Asker: 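Before anything else, here's the structure in question.
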Amino acid sequence: MIDMFLCAFPPAMSDMEKKLAEYKCDTNEAVCLKLGLQIQLYYSTGNLSTLFKVKYTARVTDTFDCVEPDDVEGKIREIIPAGFCCNTDDFISLLEKEANFKPFGSLLHTYKVHNVEAGEDLTYQIHKVDISCPGFREYHERLQTFLMWFIETASFIDVDDDHWDFFLVFEKYNKDGETLYATVGYMTVYNYYVYPDKTRPRVSQMLILPPFQGEGHGAQLLETVHRYYCTSAKVQDITAEDPTENYVKLRDFVLVKLCLTLSSFSSEKLSQGFSEEMVSEAREKLKINKKHARRVYEILRLRNTDMSDEEKAREFRLEVKKRLYGPYRKNQRELTKMQKCLRPEELASHISQMDTRLQHEELEKSYQDVLAEYRRVLERLAQA
């Protein structure tokens with residue numbers, strides 16, 4: 001079990017020692033409890049200076065014969081870059097230098113979030129930076145280690161490829177008369193080439209650190225990134241690499257919010273159905289591709305539809321199901337082809353898999369799932 005903290009500047013020595021002393025191993029593994037394994041990993045909030053310590057009261061070889069202990073410390077050392085502290089005093093001396101830390105790159109956006117506990121609005125900044133910025137390479141090496149702790153199947157990127165853009169989120173705050181910055185999260189975007197003279201920015205990694213999650217920083221970051229690329233005539237559209245379910249929800253919210261400003265998505269035109277005008281305006285002004293523009297249209301169409309009116313609700317349902325039915329139409333075309341080349345028993349097997357009643361049930365389930373997703377987006381939009 002890893003004991004991880006983001007350490008604000010500057011904690012007193014007694015505070016740090018208290019945190020370390022209060023650590024308790026919280027794991028279901030009886031062996032870890034018995035051996036007292038403690039993995040302590042601390043980051044300073046600004047520069048992400050790192051303290052790494054491993055403690056244990058015994059080794060597995062003391063209890064079990066012919067069992068070699070796992071090299072836990074070695075595995076973690078492969079992830080965190082060189083230069084970390086192993087001594088608490090050394091780490092605290094680095095915390096005292098946090099006042100010298102300043103965000104990398106150019107400032108794109110400043111916003112405020114009301115903090116209930118603090119009873120005030122806190123200030124946040126989003127910066128855009130590339131790997132050539134002095135000191136950023138070393139900072140990024142420390143920053144990207146968070147992917148390993150919080151994102152399953154995450155991997156590091158090749159920062160020497162100059163097609164990468166980096167976007168960072170920082171909290172700006174004051175302490176004892178000093179202006180300080182805390183790392184909140186970040187996003188990496190890779191710019192793919194699109195023939196003949198365009199690029200397609202693709203979001204690769206996005207992470208908001210746990211202490212800041214649920215405060216709207218992800219939406220602020222994604223919207224800022226979209227607005228940044230929208231200013232470039234060379235950008236074809238903006239996509240994402242293997243988006244998670246949570247990312248899709250976030251993207252839905254941001255794109256709907258952006259498209260509300262487009263004339264082609266007005267209430268009058270939404271009632272007329274999905275149009276090429278929507279596709280064109282979303283692509284040209286917001287770099288949104290046709291697939292995502294269609295999804296935005298359906299969400300806004302739902303927003304403008306009185307679902308208590310049976311006829312209007314039916315029109316909306318048929319509009320969405322028409323799109324959802326696409327894969328089933330593809331299956332029917334494949335079945336027609338198979339009739340020419342499959343033996344009767346093989347054809348019967350495939351036909352049973354394409355049972356019409358089953359398809360209708362699956363289509364209805366897909367529709368209800370989409371409807372629930374759209375309603376969550378609209379609920380968040382109403383609260384924004």
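Because the structure is a prediction, the values reported are computed rather than measured.
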Asker: By the ring-ring contact (aromatic ring centres under 6.0 Å, His included) test, which pairs, at least two apart or in different chains, include something from residues 242-269?
Answerer: none
Asker: Ring-plane angle category for Phe166 and Trp164, please: parallel below 30°, perpendicular beyond 60°, tilted otherwise.
Answerer: tilted
Asker: Classify the angle between the aromatic ring planes of Phe170 and Tyr139 as parallel (below 30°), tilted (30 to 60°) or perpendicular (above 60°).
Answerer: tilted
Asker: Check Val169 against Tyr111 and note the closest heavy-atom contact, atom names and distance.
Answerer: CG1-OH, 3.5 Å
Asker: Decide, yes or no, whether a salt bridge links Lys249 with Glu373 under the criterion of side-chain N to carboxylate O below 4.0 Å.
Answerer: no
Asker: Should Asp369 and Lys365 count as an ion pair when the cut-off is N to O under 4.0 Å?
Answerer: yes
Asker: Check this for me: does any side-chain nitrogen of one of Asp252 and Arg295 sit under 4.0 Å from a carboxylate oxygen of the other?
Answerer: yes
Asker: For the side chain of Thr145 and the backbone of Arg142, is there at least one donor-acceptor N/O pair under 3.5 Å apart?
Answerer: yes
Asker: Is any NZ, NE, NH1 or NH2 atom of the basic residue among Asp197 and Lys234 found under 4.0 Å from an Asp or Glu carboxylate oxygen of the other?
Answerer: no
Asker: Can a donor-acceptor pair be found, under 3.5 Å and without considering hydrogens, that links the side chain of Lys257 to the backbone of Glu223?
Answerer: no
Asker: Assess whether a salt bridge exists between Arg137 and Asp160, defined as any Lys/Arg side-chain N lying under 4.0 Å from an Asp/Glu carboxylate O.
Answerer: yes
Asker: Can you list every ring-ring contact (aromatic ring centres under 6.0 Å, His included) pair that touches residues 266-288, not counting sequence neighbours?
Answerer: Phe274-Tyr297
Asker: For the atom pair SG (Cys86) and CD (Glu73), what is the distance rounded to the nearest 0.5 Å?
Answerer: 7.0 Å
Asker: For a side chain to side chain donor-acceptor pair (under 3.5 Å) with Tyr374, tell me which candidate from Glu298, Arg303, Arg301 qualifies.
Answerer: Glu298
Asker: What's the separation between atom CZ in Phe167 and atom CG in Leu222, rounded to the nearest 0.5 Å?
Answerer: 10.5 Å
Asker: Parallel, tilted or perpendicular: which one describes the rings of Phe136 and His140, with boundaries at 30° and 60°?
Answerer: tilted
